[in-house]
Amino acid sequence: MSGLLIVGAGGFARETAQAVRDTGEFELLGHLDDNPDLHGTEVDGVPVLGGCDLVHELTGARVVICVGNPRDYAARARLVRRFGLPLDRYATVIHPTAAVSSTSRVGPGSVLLAHCVLTAAVQVGAHVAVMPQAVLTHDDVVEDFVTITSGVRLGGGVRLERGAYVGSGALVREGTTVGAWSQIGLGSTVLGDVPPGEVWVGSPARRLRAAEAPALDELATRTTVGGPLR
Ligand SMILES: CC(C)(COP(=O)(O)OP(=O)(O)OC[C@H]1O[C@@H](n2cnc3c(N)ncnc32)[C@H](O)[C@@H]1OP(=O)(O)O)[C@@H](O)C(=O)NCCC(=O)NCCS
């Protein structure tokens, strides 16, 4: 059983820690967080071992990055760039109640929380966060660093480009694309393509404003997913 470090000690990191316990797949070593006030404390009974750069000292441990929130959803991408770790250092955490079809793929560093569903030939890239009860249906492509929050429903053949954020309970019509680093508000209904770098809200969803998150051109390297499944 390999040791696992969870980067971050906030809400998503704590949820991931619970999922890790439920999988029984890893020895959970603890959280890493750059807030020095947390060092030496415990969150939900899990120790905060020290700052994030401990990933470079604890070289035998696998890593999953669990930071970010609706106002800063590029945080995982920034840490991945800062660490520069090889992809095989990153673990994939899939809660045992997640229904992942045998024809679907999930990349390194990604986390699937309880009761999410990947129906058929779904491709999920690296460092993707999928919150409870999200439903991803046939042929969806979810690029690296995407965040899919609880209760999202994606129709078939949807593409979420790199770093996109889909708010709780949003619905995305089949065959549509949400552009890189764009954000969909909670409860919204996306009926057509959303360009990169914009915030869309409502039902039907309309443009609200430009996305704040990225100055992310420098993070716009190729995604790890998108080709035909082999
Ligand atoms: C889309 C979002 C990022 C916009 O945040 P914001 O820029 O701070 O927007 P504001 O709250 O200032 O609202 C601006 C306008 O958009 C509207 N609006 C905001 N979010 C909306 C939504 N999800 N659906 C419909 N309208 C929305 C507001 O009513 C307001 O309209 P008004 O100007 O006519 O009064 C945010 O509302 C959101 O949905 N975040 C996702 C939260 C989430 O899913 N969390 C779950 C995981 S923690």
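Ligands are counted one by one from 1 in listed order, and the atoms in each one are counted from 1 as well. Heads up: numbering here begins at 1 and tracks the sequence.
Every pair passing salt bridge (charged side-chain N to carboxylate O under 4.0 Å, His left out) that includes a residue from residues 38-63 is listed here, sequence neighbours excluded: R14-D44, D53-R82.
Checked against side chain to side chain donor-acceptor pair (under 3.5 Å), H39 has no partners two or more places apart in sequence or in another chain.
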Within the protein, flag every N or O under 3.5 Å from an N or O of ligand 1, and note the pair and distance.
residue, atom, partner, partner atom, Å
ligand 1, 7 (O), R209, NE, 2.9
ligand 1, 7 (O), R209, NH2, 2.8
ligand 1, 23 (N), L186, N, 3.3
ligand 1, 23 (N), L186, O, 2.8
ligand 1, 39 (O), L186, N, 2.9
ligand 1, 44 (O), S168, N, 2.9

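Contact check on E143 versus R159 returns a salt bridge, with a Lys/Arg side-chain nitrogen under 4.0 Å from an Asp/Glu carboxylate oxygen.
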Can you give the donor-acceptor pairs under 3.5 Å from side chains of residues 199-209 to other protein atoms, not counting sequence neighbours?
residue, atom, partner, partner atom, Å
W200, NE1, E198, OE1, 2.8
S203, OG, T189, OG1, 2.8
R207, NE, E198, OE1, 3.4
R207, NE, E198, OE2, 3.3

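A 6.0 Å sphere centred on CZ of R89 holds more than 12 heavy atoms belonging to other residues, nucleotides or ligands.
Among all heavy-atom pairs drawn from Y73 and T147, the shortest one is CB-OG1, 4.4 Å.
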